[in-house]
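Input: a single structure, listed below in structure tokens.
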Amino acid sequence: MTGLDGTHAAASVVALHCSLGSGRQWTKLAAALGDDRFMAPDISGYGVAACGRDWPRTLDGEIARLEPWLAKADGPIHLIGHSYGGAIAFRLATASPYAQHVRSLTLIEPVLPTLLRDTPADARLYDRFARIAQVVSKNIVDGAVLEAVEAFTAFWAGSGPREQFSPSGRLRMIEQADKLPCDFSAALDLGGVAEAARALKVPTLLLSGGLSPYVTQRIVAKLAALIDGAELRHLPGAGHMLPVTHADRVNPEILRHIWRAQKLANLELAKLELAADAGPADAARPAGSARRHLVFRRSLG
């Protein structure tokens with residue numbers, strides 16, 4: 001991709017955080033990238049975007065709120081998303097005006113529960129997710145915010161130990177918990193996930209933790225089977241917050257994925273430039289694709 005002056009536009013890295021989090025969760029990744037084109041915006045309702053109460057209840061609405069940040073990415077985008085941020089990233093890469101600019105996609109246990117409605121076994125997982133969404137949302141409406149946060153964090157702890165939050169961290173979650181019903185609504189509203197995953201053509205990295213709720217582990221496994229060429233990394237000893245708790249293992253995988261995608265894009269761009277410079281005889285020969293159509297599954301345990 002080229003900029004307005006005809007030179008190659010620099011790629012940006014955009015990382016989206018989980019519910020009850022903020023862009024600060026990507027501090028270590030930002031340091032590892034060491035690039036001023038790294039952006040970790042706060043999703044609506046969290047961090048500096050916590051003001052107001054007119055929060056979106058769809059993923060498209062979330063993307064609209066991120067427009068000021070996305071507009072800064074005037075070239076290709078390497079997109080990263082965790083949990084609810086992963087659901088937004090998936091939508092960005094598959095059905096948004098920015099999809100054509102996405103050069104690589106990294107999804108860390110994205111919250112895409114509607115993918116689990118197609119078989120009886122998976123439907124039970126979907127029902128479990130819908131139940132916790134109902135419990136948390138009802139507690140919020142009833143003013144039982146502390147109970148809502150307890151139920152929310154207990155669910156996402158999966159089979160791992162409960163995370164110990166500092167008093168300030170717990171207070172921050174309680175203050176921002178009003179946004180949770182909107183997040184659940186947006187995740188449960190998205191249809192056509194399987195079809196969108198099958199149509200996805202950008203290099204995709206999927207990560208999951210063995211101690212996470214089985215709901216998100218199953219979502220990742222299904223995405224790996226649907227997305228052409230997807231790479232799957234599984235950390236048996238990690239939980240749902242693996243990009244934070246296991247940043248030393250997750251971040252190198254993200255960096256390698258971005259590097260490979262960038263190298264592949266450069267090769268494809270070089271082919272296009274050669275084809276444009278070639279004569280009619282050479283141009284008639286198809287260049288082919290450098291993309292490997294394989295699914296790589298590797299445990300990082």
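These numbers were taken from a predicted model, which means no experiment stands behind them.
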*Can you list the residues that meet the side-chain hydrogen bond (donor to acceptor under 3.5 Å, both in side chains) rule with Ser22, with sequence neighbours excluded?*
Arg24
_Just so I know, are the side chains of Leu223 and Leu115 near enough to count as touching, which here means a heavy-atom distance under 4.5 Å?_
yes
*Return the set of residues passing ring pair (Phe, Tyr, Trp, His ring centres under 6.0 Å) with His78 (not counting sequence neighbours), or none when no residue passes.*
none
*Residues two or more places apart in sequence or in another chain: which of them pass side-chain hydrogen bond (donor to acceptor under 3.5 Å, both in side chains) with Thr153?*
Arg162
*Applying salt bridge (Lys or Arg N to Asp or Glu O under 4.0 Å), which residue pairs with at least one partner in residues 10-20 are found, sequence neighbours left out?*
none
*Sequence neighbours left out, what passes side chain to side chain contact (heavy atoms under 4.5 Å, CB included) with Val220? Give chain and number order.*
Glu109, Pro110, Leu206, Ser208, Leu232
*With sequence neighbours left out, write down each residue that passes side-chain hydrogen bond (donor to acceptor under 3.5 Å, both in side chains) with Asp60, or none if nothing qualifies.*
Arg91
*Does atom CZ of Arg128 have more than 12 heavy-atom neighbours, drawn from other residues, nucleotides or ligands, at distances under 6.0 Å?*
no
*Checking side-chain contact (heavy atoms from CB on, under 4.5 Å) for the pair Asp178/Ile140: CA distance, chi angles, key distance, verdict?*
CA-CA 6 Å; Asp178 284 353; Ile140 295 292; 3.7 Å; yes
*asked:* Holding to salt bridge (Lys or Arg N to Asp or Glu O under 4.0 Å), I want the full list of residues that pass it with Asp248, two or more places apart in sequence or in another chain.
replied: none
_Sequence-distant partners of Lys138, side-chain hydrogen bond (donor to acceptor under 3.5 Å, both in side chains), two or more places apart_ = Asp142
_Pairs touching residues 237-267 that satisfy ring pair (Phe, Tyr, Trp, His ring centres under 6.0 Å), sequence neighbours left out_ = His82-His240, Trp156-His240
Distance-only criterion, 3.5 Å: show the donor-acceptor pairs between side-chain atoms of residues 129-137 and protein atoms not counting sequence neighbours.
| from | atom 1 | to | atom 2 | distance (Å) |
| --- | --- | --- | --- | --- |
| Ser137 | OG | Ala133 | O | 2.8 |

*Please collect all ring pair (Phe, Tyr, Trp, His ring centres under 6.0 Å) contacts where either partner lies in residues 187-223, sequence neighbours excluded, each pair once.*
none
_Where at least one partner belongs to residues 41-51, residue pairs that pass salt bridge (Lys or Arg N to Asp or Glu O under 4.0 Å), sequence neighbours excluded_ = none
_I'd like to know if Glu231 and Arg233 make a salt bridge, using a cut-off of under 4.0 Å between side-chain N and carboxylate O._
yes
